[in-house]
Each structure stands twice: as C-alpha cells, then as structure tokens.
J.: 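Please find one structure pasted underneath; my questions will follow.
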Amino acid sequence: MPELPEVETSRRGIDPHICGRTITRSIVRQSRLRWPVSAQITALLPGQTVLSTRRRGKYILIETTAGHIIIHLGMSGSVRILPIGMAPAKHDHVDIEFGHGQMLRYTDPRRFGCILWSGDAIDEHPLLASLGPEPLADEFDTDYLFRRSRGRRVPVKSFIMDSHVVVGVGNIYANEALFMAGIRPLAEAGSVSRARMARLVACIRQVIAHAITVGGTTLRDFVGSDGKPGYFKQSLLVYGRGGEACKQCGGTLQEVRLSGRSTVFCKRCQR
DNA sequence: AAATCTCCCTGTAGGC
DNA sequence: TGCCTACAGGGAGATT
C-alpha cells in the first residue's frame, strides 16, 4: 500500500508534468471512492491551471487557479501521467486531461482513496485541519511525543498510528519502529518513559526517512505499484514475520491483532 | 475526552 | 485445477 514515501514519490513524479498546465477535461468513470468524487472535479476544473503540488500526511494537494484537488491513494491507489487517449483499464477511475496531450490518471482497485475539492483555505479542510506534524518535521520531537502521550492509556502502537498525533506512520512502519525502539506495541502510551519516547521518535524518523530514499526506485516510472514494493520484503524486521525467528535474538516473533491491525513483536527484545 | 468498533472494497492466499 | 472463503488494510465516523 502507498505509505508516506510512495505518496511523496508520486507527488514528485507528477509535479513537473502538471504544474503550469491547463486542464481541458475531467473524466470520472467511477465516482464511488471512499467518498463520492467531488462534483467540482468535472464541473469546475476545465479551464483551470495547476499552480503547485504539495503533500500533507498521505494527502496529495494540487493547487489550481480555482482551488485545491485533494487526493488520497488509500491502500491500492496510484496516479500516473499518460498520453490522452490511452484506453482505461478496469480500475482506472478518473482522468484529468491537460492541453499538452497528457493526462493524470487515478487508479484504485479497492477504492479506499478519495478525490475531493476544496475551494477555500486548504489548511482548514476538515480532513487536514487537525492532522499532527509530519514525522520528519522539526516539531516532531521527544518533547512533543512525550507530552502528547501523557495520560493516554491507548496502546503505544495505536498512539503513533493516530494521524492526529503524527501523520504517515502506517501499520508496517509502526511495527518496525517499535521493534527498533525495543518497545512493546501493547504498552500504554502514557507509561512509556521519556527516554524510550526519544528512541521511538528517532526510530520513526529513521524508518520513514529510509523508506523515502528507497521509495523512489519502486515508483520511478509510475507504473502501478502492486502494493508490495521490493524494498519492503528484504528490510522488514518484524512485519509479516509472525511465528518466525527474531533477527535480533532468535526467539519466536509473536503476532496479535490490535484494533484490527496485524501486530508483530518480540517478547524478549521489546519491553 | 478517550477508546473501541464499523465500514468501505477487491486482489490474493489458503483450504479443500 | 478450480472454486470458495477469509483476510488485509487507511482512516473517518459512529458508538461506547
């Protein structure tokens, strides 16, 4: 699934192809995504010019002369730049065509993503307004995470996966970061010491930063990802390895379900 | 307020 | 081999 690094890689990939370009037409073949595709995508976009793109959490924000397009890739979504006229495949739900003969094509088999419109101040959009800091931003530090965690009895894994606490930490990275930090996923967030929170912050930043550096290779040509970028398999320490041997101590990795998410950890290495 | 549950959807893996 | 079912997962919104 597209994690934050893939989303950022996608944004960087489409940016030079659409910035400064004028939209000539939008085609919505399937409007039933996470939410219905906003009517403005077809009604308002033609004639507008793309001014810039940026990313907030896992949302791609495309600024146009009339407002912003908000795109989320869900867990199976992708965006590609293709020549206008290329026949759509089964899950190619939306095309945004440009005057220079290219189009932005949105594909999403499981339709957990969304394509929405915001005509007003984008930062005040309900989906974006209360998001936590970016994991690589300066404000995501030990003080911040420690302070936010006090009084919270939720498992620390759920805590760091809460986008209101910090954005972009998906299930894979949460499992990996907690293993790297030596913290049990089910520990109460509020009971994790400041020193251990410092390690957790460092590990989250490290795993995300690493994934961004290698993420570029998996999506470089913007052919749809199959959801399992190659770099994952080889570098995963715990995710998807329940029942297998811990790479650190050799013990058997435990696997439990935590709020519906597969959670893997080592009883010996994580306390 | 905080924690937990539900739901959206389909490709894939596993069982028989 | 082929069919059938269970499962995975981001994350908002409802519920407890």
Side-chain angles (χ1 to χ4, degrees), chain A residues 1-8 10-11 28-38 55-61 70-79 88-94 106-116 118 124-135 145 147-177 185-192 204 208 211 215 223-229 232-233 236 238-244 255-264:
Chain A
M1 65 303 303
E3 296 274 358
L4 188 149
E6 286 85 346
V7 176
E8 174 61 17
S10 296
R11 186 198 66 77
V28 178
R29 295 183 200 83
Q30 169 61 275
S31 63
R32 291 178 54 220
L33 303 183
R34 176 71 167 81
W35 296 283
V37 174
S38 294
R55 179 189 57 75
R56 183 73 178 94
K58 293 180 183 172
Y59 293 95
I60 295 173
L61 310 176
I70 302 173
I71 298 178
H72 197 290
L73 301 178
M75 41 175 306
S76 60
S78 64
V79 285
K90 189 176 178 183
H91 301 295
D92 295 340
H93 304 315
V94 177
Y106 177 89
T107 306
D108 186 3
R110 296 185 192 176
R111 290 157 43 197
F112 275 20
C114 66
I115 300 184
L116 300 173
S118 171
E124 292 166 27
H125 190 280
L127 290 175
L128 308 177
S130 59
L131 289 180
E134 296 284 330
L145 200 63
R147 178 169 47 77
R148 286 293 304 267
S149 65
R150 292 309 93 176
R152 297 292 304 272
R153 307 199 60 176
V154 69
V156 64
K157 174 164 179 268
S158 305
F159 177 69
I160 61 173
M161 288 180 68
D162 183 346
S163 63
H164 299 102
V165 173
V166 56
V167 298
V169 181
N171 194 39
I172 295 174
Y173 295 150
N175 278 296
E176 296 298 305
L186 281 84
E188 275 185 19
S191 72
V192 177
I204 289 172
I208 297 269
V223 295
S225 162
D226 61 1
K228 288 278 185 186
F232 277 153
K233 285 287 184 189
L236 287 178
V238 290
Y239 181 80
R241 301 191 62 243
E244 297 179 29
E255 177 155 11
V256 298
R257 293 197 70 75
L258 179 51
S259 39
R261 299 294 180 265
S262 172
T263 303
V264 186

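Here the structure is a predicted model, which is why all the values come from computation and not from measurement.
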J.: Using nucleotides 7-9 of chain B, report all nitrogen or oxygen pairs with the protein that are shorter than 3.5 Å.
T.:
residue : atom : partner : partner atom : Å
B:dC9   : OP1  : A:R32   : NH2          : 2.4
B:dC9   : O4'  : A:R110  : O            : 3.3
B:dC9   : O3'  : A:R111  : NH1          : 3.4

J.: Between C:dC7 atom P and A:M75 atom CE, what is the distance in whole Å?
T.: 15 Å
J.: Is there a side-chain contact between A:W35 and A:L127 (heavy atoms, below 4.5 Å)?
T.: yes
J.: What is the separation between atom CZ on A:F159 and atom P on B:dA1, rounded to the nearest whole Å?
T.: 17 Å
J.: Does anything in residues 125-135 of chain A form a salt bridge (charged side-chain N to carboxylate O under 4.0 Å, His left out)? List the pairs, not counting sequence neighbours.
T.: A:R55-A:E134, A:R56-A:E134
J.: Would you check if A:L61 and A:R11 make a side-chain contact, meaning some heavy-atom pair closer than 4.5 Å?
T.: no
J.: For C:dA8 and A:Y239 - does any side-chain N or O of the residue sit under 4.0 Å from the phosphate oxygens OP1/OP2?
T.: no
J.: When you compare the side chain of A:S262 with that of A:R257, does any pair of heavy atoms fall below 4.5 Å?
T.: yes
J.: How many whole angstroms separate atom CZ of A:R257 from atom C1' of B:dC5?
T.: 13 Å
J.: Could you state the CG-C1' distance from A:D162 to C:dG9, rounded to the nearest angstrom?
T.: 16 Å
J.: Take atom NZ of A:K157 and atom P of B:dA3, then tell me their distance rounded to the nearest Å.
T.: 16 Å
J.: Under 4.0 Å between a side-chain N or O of A:S163 and OP1 or OP2 of C:dA12?
T.: yes
J.: Contact class for A:S158 (heavy atom, under 4.0 Å): base, sugar-phosphate, or nothing?
T.: nothing
J.: Looking at the side chain of A:W35, which of C:dG10, C:dA12, B:dT4 is the nearest nucleotide?
T.: C:dA12
J.: In terms of the nearest nucleotide of DNA chain B, which residue is placed more toward the 5' end: A:K90 or A:G151?
T.: A:G151
J.: Look at atom CZ of A:R29 and say whether more than 12 heavy atoms of other residues, nucleotides or ligands are closer to it than 6.0 Å.
T.: yes
J.: Are the side chains of A:I160 and A:Y173 in contact, using a 4.5 Å heavy-atom criterion?
T.: no
J.: Write down the distance between CG (A:L73) and P (C:dG10), rounded to a whole number of angstrom.
T.: 13 Å
J.: With sequence neighbours left out, what residues match A:D92 under salt bridge (charged side-chain N to carboxylate O under 4.0 Å, His left out)?
T.: A:R80, A:R105
J.: Taking only side-chain N and O atoms of A:H72, does any of them lie within less than 4.0 angstrom of OP1 or OP2 on C:dG11?
T.: yes
J.: Nearest whole Å is fine: how far is B:dA3 C1' from A:M161 CE?
T.: 15 Å
J.: Could you tell me how far apart A:H164 (NE2) and C:dG10 (P) are, to the nearest whole angstrom?
T.: 16 Å
J.: Ignoring the backbone of A:H91, work out which of C:dG11, C:dA12, B:dG11 is nearest its side chain.
T.: B:dG11
